[in-house]
Amino acid sequence: MCRSGSRQKIFISIIWSNAPMRLVIHGIVQGVGFRPTVHRIARSLDLRGYVQNNGSNVVVEIDGDGDMFLRELRAKLPPLARIDRIERQESDDGALDGIEGFIIVPSKEGQKGIGIPNDVAICDSCRKELFDPHDRRHLYPFTNCTDCGARFTVIEDLPYDRGKTSMREFHMCETCRDEYSDPDDRRFHHQTISCPQCGPAYQLLDREGNVTNGDPIAEFAARIDEGEIGVAKSWGGMHICSTMETIPRLREWYGRKHKPFAIMVRDLKALEAYGFPTDHEVELLTSTHRPVTLIAKNHSKGMDWASPGLSNVGVFLPYTAMHEILFHRLDADAVVMTSANVPGEPMILDDRDVLSLGADSYLLHNRRIVNRCDDSVVRSFDEDTHFIRKSRGHIPSSIESPFKGRAIGIGAQENLTAAIAMDGSIYPTQYVGEGDSIGVIEFLEQAVRYQIRLLGLDSLDVVAMDLHPGYSNRRMGKTLGEEYEAEVIEVQHHWAHASSLMIDAAEDELIALTLDGTGYGEDGRAWGGEVLHTTFQELERVGHLEEVPLLGGEKAVRDVGRLVFAFSELNGRDSDLFKEEEAAIFRKMMSSSLLTSSFGRVLDTLSCYLDICRYRSYDGEPAMKLEALLEKGKKSHEFEVEISNGVIRTVPMFGQLFEMKGRREDLAVSFVHDLLKGMLEIAFEAAESSGTKNIGLTGGVAYNGTISRIVRDEVRRRGMNYIGHDNVPNGDGGISTGQAAIALSRI
Ligand SMILES: [Zn+2]
Ligand SMILES: [Zn+2]
């Protein structure tokens, strides 16, 4: 229905406000206790009629005072519900015939849309029941209600009814059915209702997979306290769990020497011993989304084992009833809770697969996980939220786009997500994984097909993928294109970053500092330190860092010493990092290696030269460890920054650095500061000639707080608008959103 049409209908309904009317309510109105609330209000107002889930919407038909009803509804909206739009129509003749009082009628397949909520952390009322010895759900690990619990991870399809969730395998007991049917009960029409008599249950398995006796969570907690490494199944996946003291053994066992682990902490009070969250970080930690939140850490209590060499650590608070019970049983105030996966594969879902991990014990339950969903990971910058990973608790979500049409962006390779654009909104999938393993690509396809089904997407105009010819999701992109007879286009990686920032900030033109590891450039080279003038229609590369050879390609990313060698060589200096035979080989490779303008590689070089980190064992490690140093430094040295034809010369900057003496934290800050100022000079010039005042920062490097601060302050000092991320991930998790927007703007 067009908008003017619905306005006309509102006019009519105001005149005859007591005539039977039909309300079609759009928004997050399913799975959030919406129908029960409507039911309660209608009965309190003595209205006759019905409420029904219809596709992804809710339909209400009533005879009586509709204005009063809507006022009440808005005032008493359940906490998770959100009304985006209401269509008011006249009822068909006889629509309410035969209905007495107010009823909830069975759901109907109708127009779809992602009107389902995210998984929501356990609410206070449920927590109270959980620890009340007289409550029938005392210590029941699946306690939840219309206001909280798993949603996205258990819902198979819409409309949202128990029969379309993984709870359909559990039959409500009589007591649960009574609660479900009682309009005065807080679980009235709660679709995933259950209790110890009828719902899913946990079991504890030992190393061999044998079921152990006794209370599974209590026993698991005791074993973790004693130093075992356990696996715990949650809503959307499985976590590896251990105490802080066990981390050294965990690292050995899991083969992860340095990669940071997320830590689950008992509560805010206990968190004080582990780190120093700001007010905004406390807000993020205690939100119903319960993301893993990076906070400044206290370098004691095993926190240096949790994130070696970093100044921050990812922590989160319990979000399921099982987590609450676990802490109730544990002596420890904090435990490692990191996604259980085989390296390069997505998080494990299957109970049998997980046994192959070789953990000491497994706390598993018998409810199927419909949608795998890793924990979201966020970082606060000012009052903005930088999403490192947007997933559990934050998906589904949507962001407005200025384009109608229908498109899918299938992302890049790292931090992989896809995004579907439909009717003016873009819907990203949950985080899918890293790299190009078959498991990751299969999961990408599942996640896309799920969103397609939920949205009822029956046509597609265009599929967008990365320009990189070697990315393994391209085949899926082509298949989707053929299936929907949609055009398939390629979008340059950094343009997609800049576009994701434009969507995030609702702007349509930017000068974007696009800084990351590497992405495939329009000239076939590895871009990554770019000053781009972008709209959704056009990309202009107005400046970039000097190109330097990546000696041995990927090998230079893992042994950053090769980068130091290249910068030394280009300055006519010897580097003492390699033996002469190796150095001789590298010298020959200087002219034949892939060239890169990557900002991330410059940070890596600094990290190695300043003796912070030479070998990368996880994505971003040298640069992340450099950040801990940057936070402690002061601007102390001046670098002469040469710029010619939009190229910022990093080679002579390293030449100067190699001759400088001083505290390494100050050298690092001075180098990064002057390099960014060089890039910003180009940005300001481009802004002036194009008439925009928007200067943005995007790409994986934008997670670095010191770098974001330097750019933000300089941009504002020059009287320009600083544009940063707050919703779409800064890094490659946002690529698919940017791709989808560019794709639509082209048709
Ligand atoms: Zn609850
Ligand atoms: Zn029950």
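Just so it is clear, the structure is predicted and the values come from calculations on it, not from any experiment.
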> Can we say E219 and R223 salt-bridge, meaning some charged N sits less than 4.0 Å from an Asp/Glu carboxylate O?
Replying inline: yes
>> Under a 4.0 Å threshold between the charged nitrogen and the carboxylate oxygen, would R709 count as salt-bridged to E631?
In response: no
> Going by the angle between their ring planes, with limits at 30° and 60°, are Y471 and H468 parallel, tilted or perpendicular?
Replying inline: parallel
> Any ion pair linking R266 and D333 (charged N to carboxylate O, less than 4.0 Å)?
Replying inline: yes
> So does K677 pair up with D674, basic N to acidic O under 4.0 Å?
Replying inline: no
Please set out all donor-acceptor pairs under 3.5 angstrom arising from side-chain atoms of residues 312-322, sequence neighbours excluded.
{"unit_1": "Y319", "atom_1": "OH", "unit_2": "D375", "atom_2": "OD1", "d": "2.9"}
{"unit_1": "T320", "atom_1": "OG1", "unit_2": "M322", "atom_2": "N", "d": "3.2"}
{"unit_1": "T320", "atom_1": "OG1", "unit_2": "H323", "atom_2": "N", "d": "3.0"}

> Hey, is D611 close enough to R614 for a salt bridge, meaning N to O under 4.0 Å?
Replying inline: no
> Can you check whether R256's main-chain N or O pairs, donor with acceptor, with R251's side chain at less than 3.5 Å?
Replying inline: yes
> Going by distance alone, is a donor N or O of one side chain under 3.5 Å from an acceptor N or O of the other, for H239 and S234?
Replying inline: no
> Using a distance-only test with no angle check, is there a side-chain donor-acceptor pair under 3.5 angstrom linking D119 and T153?
Replying inline: yes
> Hey, are D351 and K233 close enough for a salt bridge, meaning a charged N less than 4.0 Å from a carboxylate O?
Replying inline: yes
>> Between R663 and E665, does any side-chain N to carboxylate O distance fall below 4.0 Å?
In response: yes
> Side chains of S376 and S391: donor-acceptor distance under 3.5 Å anywhere?
Replying inline: no
> Can you say whether the rings of F654 and F567 are parallel (under 30°), tilted (30 to 60°) or perpendicular (over 60°)?
Replying inline: tilted
